[in-house]
Amino acid sequence: MRPAPTILHLDMDAFYASAEQAAKPSLRGKAVVVGGLGPRGVVATASYEARRLGVHSAMPTAQARRLAPNAAYLVPRFSLYRTVSDQVMELLGRLSPLVEPLSLDEAFVDLEAGGTADDSASARATGEGLRTAIHAVTGLSGSVGLAGSKMLAKIASEEAKPDGLLLIEPGTERELLAPMSVRILPGVGPATGDHLRRAGMTTVHDLAEAGEAELVRLVGKAHGHGLYRMALGLDDRPVVAERDAKSVSVEDTFDVDLHDRVRVRAEVERLAVRCVERLRAADRSGRTVVLKVRRYDFSTLTRSETLRGPTDDPTVVREAAGRLLESVDTTGGVRLLGVGVTGLADYTQEDLFAQAADARELAQRAQEHSSPPVEGGEEGVPEPEPDSAELLAARRWPAGHDVHHEEHGHGWVQGSGVGRVTVRFEEPWSAPGRVLTFRVDDPLLRPADPLPLVRDAADYSSWPASLPKSRSGADSSGGGESSP
């Protein structure tokens, strides 16, 4: 624990949904749900307007539609979210060399290591300045927690939501934590929470009063020891920059189970290419290819193959994933497929082409020895399941994604069906725009890249030195939220 609240935790507010509201003037102040829109889709993020209706992340989209039938349901635009995340992380990097990203919209910052704060006053000023800068550069809001440890800083940012700042003064940790639910502590999920509740422990105060020995008896030595320390507000974990990813993977859940073996293989190959794209975007390579298959009965199988060396070659990964698929029984249908790469490295094997050739040769030999050729060329090989026109339209024109029309300009897809696509034409800095409907094959309409959320962002090239330190004169100490 530090004697000053110099660990900062930033958490952007309803990040995906807020970005969509900032990009679409007609959705501001309205319920917005971002996630998978198919029958098996899951909510990624819901705006605060949707949360008030009971919608939350990880909820099935079908359930969300019942709770909020009039909300806007949008497919995620990760290219936009990554761009905004890069802007936010760049601002954080100016505060300290020790920035520990947890996700696109969340990070810890060691202000002491950057020399930007050494006491409560300077920490608060830096936190308020950060919120000002983020709003000016991205148009979005973030909540900031400041404390002497990572655990407390994260709890503080959660308590400060939305668009607030909470600073926990060293020495007040136990008083603040005591009335809170045990679920507020890291590592206490639903199962552990229920186990503690049955033992009569529902608040952090209950854990501290029970003592370490009792917690060890209930949840085991390692977890019990850590739980007791957290209940006392103790956390010595440092902020670690450049957290290394252990794997890169992509997966898809299908609206209808896939039964056709050729279609399953085509999907695996497509996922392998997407996985390599992510791998290359991170400037990494990997040694082990992993295939994940969830079958019709929800049973999940994983298979892996370790290559001779790290690679980021799409042919190598695609063919390895294809070989792994041969060992999986997909009879009965497949509801989810995933391809990943582990054993990451910062370099690639030099002889990638030779490796790909070896892989092809091995696959060819295996095929030659496993079954005789089929007379008549491709006869006997089942055709892929044809995609319906509606499914193709939904893939080309996902709800919420950007489009450009040669006559009407920039807009976004409100929905598509029966051979039509409906578009609202507006920009982040415009008034709510008009809605028009086109044929899905209209030659004047095409997919487009997202526009920046702020057209004339202020110049923060000299930040933080030149940045005004506070967006308001409100005092946010003592457990309160600062006003935006």
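When reading the values below, keep in mind they use all heavy atoms of this one structure, side chains included, and skip hydrogens, waters and symmetry mates. Residue numbers start at 1 and run along the sequence shown.
- Using modelled atom types, no side-chain atom of Arg446 and backbone atom of Val403 make a donor-acceptor pair closer than 3.5 Å.
- Listed for the Ser85 side chain is no donor-acceptor partner under 3.5 Å among the backbone atoms of Arg82.
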* To do: Go through the steps for His405 and Phe425 under the test side chain to side chain contact (heavy atoms under 4.5 Å, CB included), then give the verdict.
  => CA-CA 9 Å; His405 193 276; Phe425 290 96; 3.7 Å; yes
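- Rounded to the nearest 0.5 angstrom, Arg66 CZ and Gln63 CD are separated by 6.0 Å.
- Neither side chain, Glu158 nor His9, offers a donor N or O lying under 3.5 Å from an acceptor on the other.
- Put simply, the side chain of Asp110 never gets that close to the backbone of Val239: no donor and acceptor are under 3.5 Å apart.
- In plain terms, the two heavy atoms of Val55 and Ala68 that are nearest each other are CG2-CB, 4.0 Å.
- Glu100 and Lys150 are joined by a salt bridge, as a carboxylate oxygen and a charged side-chain nitrogen come within less than 4.0 angstrom of each other.
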* To do: Go through Val34 and Arg77 one step at a time and tell me if the side chain to side chain contact (heavy atoms under 4.5 Å, CB included) criterion holds.
  => CA-CA 9 Å; Val34 179; Arg77 294 188 297 161; over 6 Å; no
* Taking it one step at a time, do Leu271 and Glu251 satisfy side chain to side chain contact (heavy atoms under 4.5 Å, CB included)? -> CA-CA 7 Å; Leu271 289 168; Glu251 62 182 43; 5.6 Å; no
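- Arg197 and Thr202 share no side-chain donor-acceptor pair at under 3.5 Å.
- No side-chain donor from either of Arg294 and Ser299 sits under 3.5 Å from a side-chain acceptor of the other.
- The closest donor-acceptor contact from the side chain of Arg424 to the backbone of Gly433 lies under 3.5 Å.
- Remark: the Ser143 side chain and the Asp13 side chain contain an N/O donor-acceptor pair separated by less than 3.5 Å.
- Checking side-chain atoms of Arg303 against main-chain N and O of Lys292 turns up no donor-acceptor pair under 3.5 Å.
- The backbone N or O of Phe15 lies less than 3.5 Å from no partner atom in the side chain of Ser18, so there is not a single donor-acceptor pair.
- Under the 4.5 Å side-chain criterion, counting only non-hydrogen atoms from C-beta, His195 is in contact with Leu218.
- Residues Ile168 and Leu176 meet the side-chain proximity criterion, which asks for heavy atoms closer than 4.5 Å.
- Checking Trp412 against Glu426 by side-chain atom types alone, a donor-acceptor pair falls below 3.5 Å.
- Counting only N and O atoms by type, the side chains of Glu305 and Thr288 include no donor and acceptor under 3.5 Å apart.
- Between the side chain of Thr203 and the main chain of Asp206, a donor-acceptor pair closer than 3.5 Å is present.
- Pairing each heavy atom of Pro25 with each of Pro428, the nearest pair is CG-O, 4.0 Å.
- We find the CG-OG distance between Leu291 and Ser304 to be 10.0 Å, quoted to the nearest 0.5 Å.
- Remark: the Gln21 side chain and the Tyr48 side chain contain no N/O donor-acceptor pair separated by less than 3.5 Å.
- Checked by atom type, the side-chain pair Ser103/Asp105 shows a donor-acceptor distance below 3.5 Å.
- With Arg335 contributing its side chain and Thr253 its backbone, the two residues share no donor-acceptor pair below 3.5 Å.
- Using modelled atom types and a 3.5 Å distance limit, the side chains of His408 and Arg434 yield a donor-acceptor pair.
- Formation of a donor-acceptor pair under 3.5 Å by the Thr61 side chain with backbone atoms of Gly41 is found in this model.
- Residues Leu307 and Val316 are in side-chain contact: their nearest non-hydrogen atoms beyond the backbone lie under 4.5 Å apart.
- Side-chain atoms of His410 never come within 3.5 Å of backbone atoms of Asp402 as a donor-acceptor pair (strictly under, hydrogens ignored).
- Counted within 6.0 Å of CG on Asp86, heavy atoms from surrounding residues, nucleotides or ligands total more than 12; the atom is thus considered enclosed.
- One distance of note links CG of Leu337 with CG of Leu325; it measures 7.5 Å at 0.5 Å rounding.
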